Amino acid sequence: MCVATPMRIIEVNGDEAKVELGGVTRTISLVLLESAAPGDYVLIHAGFAIGKVDEEEAKLTLDALAECGLDGDGEVLVDDGYAASGA
Amino acid sequence: MMDTLLPAHDRFRGKDLVQRLAESIARLAEGLGPLSLMHVCGTHERSVNRFGLRSLLPPNLRIIAGPGCPVCVCPVSDILAARNLALLPGIVIATFGDMVAVPTPSGSLLDARRDGADIRVIFSVADALRMARAEPEKEIVFFSIGFETTTAPTAAALVSLALDPLPNFSLIASNRVVPPALDILLGSEEFSIDGLILPGHVSVIIGTGEYRFLADRYRLSCAVAGFEPVDLLVAIRDILEQIRSGKADIQNDYPRAVLPEGNLKAKKLMAEVFEECDGVWRGLGLLPGTGLGLRSSFQAYDAMRKFGLEPIPEPAEPDTGCICPRVILGLAEPEECPGFATACRPENPLGPCMVSEEGTCAIRFEYGGMS
C-alpha cells in the first residue's frame with residue numbers, strides 16, 4: 001500500500017498535527033517522525049505522517065533536470081493522460 | 001487520492017519535461033532489444049495508467065506490474081479468520097475498506113456483514129483504537145494488513161498501548177515485507193526482468209539499503225521512484241542508463257522523500273513489535289521470511305490467540321477462471337484473463353486483483369486497459 005498524500009502541517013498538538021492540502025484539513029499522528037513543525041510538508045498514509053517531503057531536495061531534483069535542458073515549467077499533465085503529439 | 005500539488009510539484013507533471021524525458025528514454029532504449037522493467041507497487045501502476053506513461057515509452061520497453069497489492073496477496077485463511085471472529089458475540093472487525101469486498105470460496109467480509117457480522121471500515125489503525133475506547137463493551141479486532149508503509153503505523157499503535165492499555169483491542173496480523181519476497185521471486189526461473197522500479201513509500205520507511213541484494217546478487221538495475229509522471233520517467237531513464245553502461249545499482253530517484261537509512265523511528269517501532277516469520281501469499285503459497293508476526297511481548301494482542309481460534313490452513317481455490325496469481329507476479333496481464341471486464345468487474349470480482357484500488361486488474365479496468 002503505497003498511497004501517501006503530501007500535506008502541509010499547519011498546527012502541532014503534541015503527537016498530532018493538523019495538516020492541510022488544497023483547503024482540506026485533517027488531523028494526523030506524528031508518532032513516526034522525530035520532529036515536525038508548522039510549515040513542514042509530510043507524507044500522510046493511513047492517518048500517520050510516515051516521512052517528510054523536503055522541498056529543497058525537490059528543487060535540487062528539478063534543477064538538475066533543468067541543467068540537462070529538461071524544464072518542468074509550463075503546462076501540466078492532466079489525469080486522462082498525455083497526448084504524445086503534445087497537443 | 002487528493003490531487004492538489006504542493007509548491008514546485010506542478011513541475012513534476014510538466015508536459016514539456018515529460019515529453020523530453022520520454023525522448024531521452026527512447027534514445028537510451030534504442031538498440032537494446034526487448035527490455036522488461038518491473039515495479040512492485042499498486043500506486044505506481046495507478047500513476048502509470050493515470051498519466052498514460054506506457055504510451056510514451058518505446059515499443060521495446062515493457063513496464064510490468066509485479067506484486068504490489070497487499071490486499072491482493074492477503075491469504076484467504078486470514079479473511080476466514082476475520083469472518084470466524086466476527087461470528088463471536090461482541091466482536092467488531094475494523095478493516096481497511098478494500099478488504100471488505102475481497103471474494104473467497106466462503107464469501108467476503110461484505111457477505112458476512114449481510115449475515116449480521118459487525119464489520120466496520122476504517123482508514124487508520126488509530127480509528128480502531130478510538131473505537132475500542134469508545135465502546136468498551138465490544139472487542140475491536142483490527143484486520144492488520146499491508147506492507148512496510150502500513151505496518152509502521154500499526155507498530156506505533158501497539159507500542160502506544162504499552163502506556164495506555166486497551167483490554168478490548170486485538171488484531172489479525174497479516175502484514176508482509178517486500179524485499180524478502182523479491183528475493184524469492186527473482187530466484188525463480190519464470191522471472192526474467194532487466195530492471196526494477198522500487199516502491200516509493202515502502203522506501204520512505206525502509207530506506208534503500210535492504211535492496212542492495214538486487215544489484216549485488218541479481219545484477220538488476222534499480223531505481224526508487226516517486227509517483228508523479230516525472231518521478232517514474234526519471235527512474236526509468238536512470239535504469240536504462242545503468243543497463244546501457246552495464247551497471248547494477250540501487251539509485252534513489254525520490255530523494256525528496258526517501259533517505260538512504262529510511263525512517264529510523266518507524267523501523268525501530270516495527271522491530272519492537274514484529275519479527276519476521278513465514279508468510280502465506282494468496283495464490284503464491286508460503287514464502288519464507290516474508291511475513292511479520294507479533295513478538296511475544298505483544299502476543300496478547302493476537303486476536304486468534306485471545307479467542308482460542310485455531311489457525312486455518314489456506315484453502316485451495318476453485319477454478320473460476322481467475323488468473324490473479326499470475327497477474328500478481330506480472331506473468332500475465334489482466335487483459336489476458338478471459339474474465340477481465342466481462343465476468344470479472346469491480347462490482348462482481350472473481351479475484352482480489354479486481355477489488356483493491358492497488359490491484360492491477362482494478363486499475364486497468366478503471367483506466368480502460370493498458371495505457
Side-chain angles (χ1 to χ4, degrees), chain A residues 1-8 15-16 20-24 26-35 41-62 64-66 68-87, chain B residues 1-4 6-22 24 41-44 50-52 55-56 68 70-71 96 123-127 146-147 149-150 152-153 156 160 199-202 204-205 227 229-230 234 255-259 263 265-266 269 357-358 371:
Chain A
M1 272 143 112
C2 265
V3 182
T5 310
M7 299 182 81
R8 190 174 57 97
D15 275 341
E16 293 192 324
E20 178 274 338
L21 184 68
V24 177
R26 292 175 56 185
T27 300
I28 54 91
S29 170
L30 294 174
V31 298
L32 294 176
L33 301 186
E34 291 290 2
S35 65
Y41 290 96
V42 288
L43 282 166
I44 307 300
H45 173 77
F48 285 69
I50 58 166
K52 289 192 188 170
V53 182
D54 186 332
E55 285 300 287
E56 277 313 305
E57 277 290 349
K59 291 196 175 92
L60 283 175
T61 299
L62 293 165
L65 288 167
C68 311
L70 298 164
D71 197 337
D73 286 327
E75 217 185 332
V76 164
L77 281 191
V78 292
D79 229 41
D80 49 25
Y82 173 85
S85 64
Chain B
M1 188 160 52
M2 279 177 272
D3 204 49
T4 317
L6 301 177
H9 282 202
D10 274 16
R11 294 168 69 193
F12 285 97
R13 290 191 190 180
K15 267 190 174 179
D16 211 53
L17 183 45
V18 164
Q19 175 67 38
R20 286 167 200 258
L21 282 165
S24 178
C41 175
T43 311
H44 272 156
R50 195 174 163 209
F51 298 106
S55 66
L56 301 178
V71 168
F96 293 115
F123 301 95
S124 172
V125 62
D127 296 338
F147 295 134
T149 329
T150 321
S160 76
H201 295 138
V202 165
V204 168
I205 301 291
F227 299 88
V230 166
V234 164
R256 65 188 187 276
V258 174
L259 300 172
N263 180 334
K265 191 174 182 194
L269 288 166
E357 62 178 26
E358 294 194 278
S371 53

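Numbers restart at 1 for each chain; the letters A, B, ... are given by sequence-line order, proteins then strands. Atom set for the values below is all heavy atoms of this structure, side chains included, hydrogens, waters and symmetry mates excluded. Treat the numbers as computed from the prediction; the structure is a model and nothing was measured.
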Undergrad: Could I get the full list of side chain to side chain contact (heavy atoms under 4.5 Å, CB included) partners for B:Leu259, not counting sequence neighbours?
TA: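 Expected list: B:Glu261.
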Undergrad: With respect to chain B, which residue among A:Leu32, A:Leu60, A:Ile28 yields the maximal number of heavy-atom pairs within a distance under 4.5 Å?
TA: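 Maximum pair count with chain B is reached by A:Leu32.
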Undergrad: Taking all non-hydrogen atoms of both residues into account, name the closest pair between A:Leu43 and B:Ala257 and its distance.
TA: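 Closest approach of A:Leu43 to B:Ala257, heavy atoms only: CD1-CB, 3.7 Å.
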Undergrad: Which bit of A:Thr61 is near chain B, if near means a heavy-atom gap under 4.5 Å: side chain, backbone, both or neither?
TA: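 Contact with chain B is through the side chain of A:Thr61 alone.
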Undergrad: Can you give me the closest heavy-atom contact between A:Glu57 and B:Arg256, atom names plus distance?
TA: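 Closest approach of A:Glu57 to B:Arg256: CB-CA, 3.5 Å.
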Undergrad: Given heavy-atom pairs under 4.5 angstrom as the criterion, report whether the side chain, backbone, both or neither of A:Ile50 touches chain B.
TA: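 Both backbone and side chain.
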Undergrad: Could you tell me which residues satisfy ring-ring contact (aromatic ring centres under 6.0 Å, His included) with A:Phe48, sequence neighbours excluded, listed by chain and number?
TA: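 Not a single residue meets the ring-ring contact (aromatic ring centres under 6.0 Å, His included) criterion with A:Phe48.
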Undergrad: Can you tell if the side chain of A:Val3 reaches within under 4.5 Å of the side chain of B:Glu357, non-hydrogen atoms only?
TA: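 Yes, their side chains come closer than 4.5 Å.
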Undergrad: Could you tell me which non-hydrogen atom of A:Ala46 sits nearest to which non-hydrogen atom of B:Ser124, and how far apart they are?
TA: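 What the structure gives for the nearest pair is O-OG, 2.7 Å.
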Undergrad: Given heavy-atom pairs under 4.5 angstrom as the criterion, report whether the side chain, backbone, both or neither of B:Val258 touches chain A.
TA: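 It is neither, since no heavy atom gets under 4.5 Å.
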Undergrad: Calculate, to the nearest 0.5 Å, the distance between atoms NE2 and OG1 belonging to A:His45 and B:Thr43 respectively.
TA: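 It comes to 9.0 Å.
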Undergrad: What residue in B:Gly200, B:Ala152, B:Gly42, B:Ser160 has the most heavy-atom pairs under 4.5 Å with chain A?
TA: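 Heavy-atom pairs under 4.5 Å are most numerous for B:Ala152.
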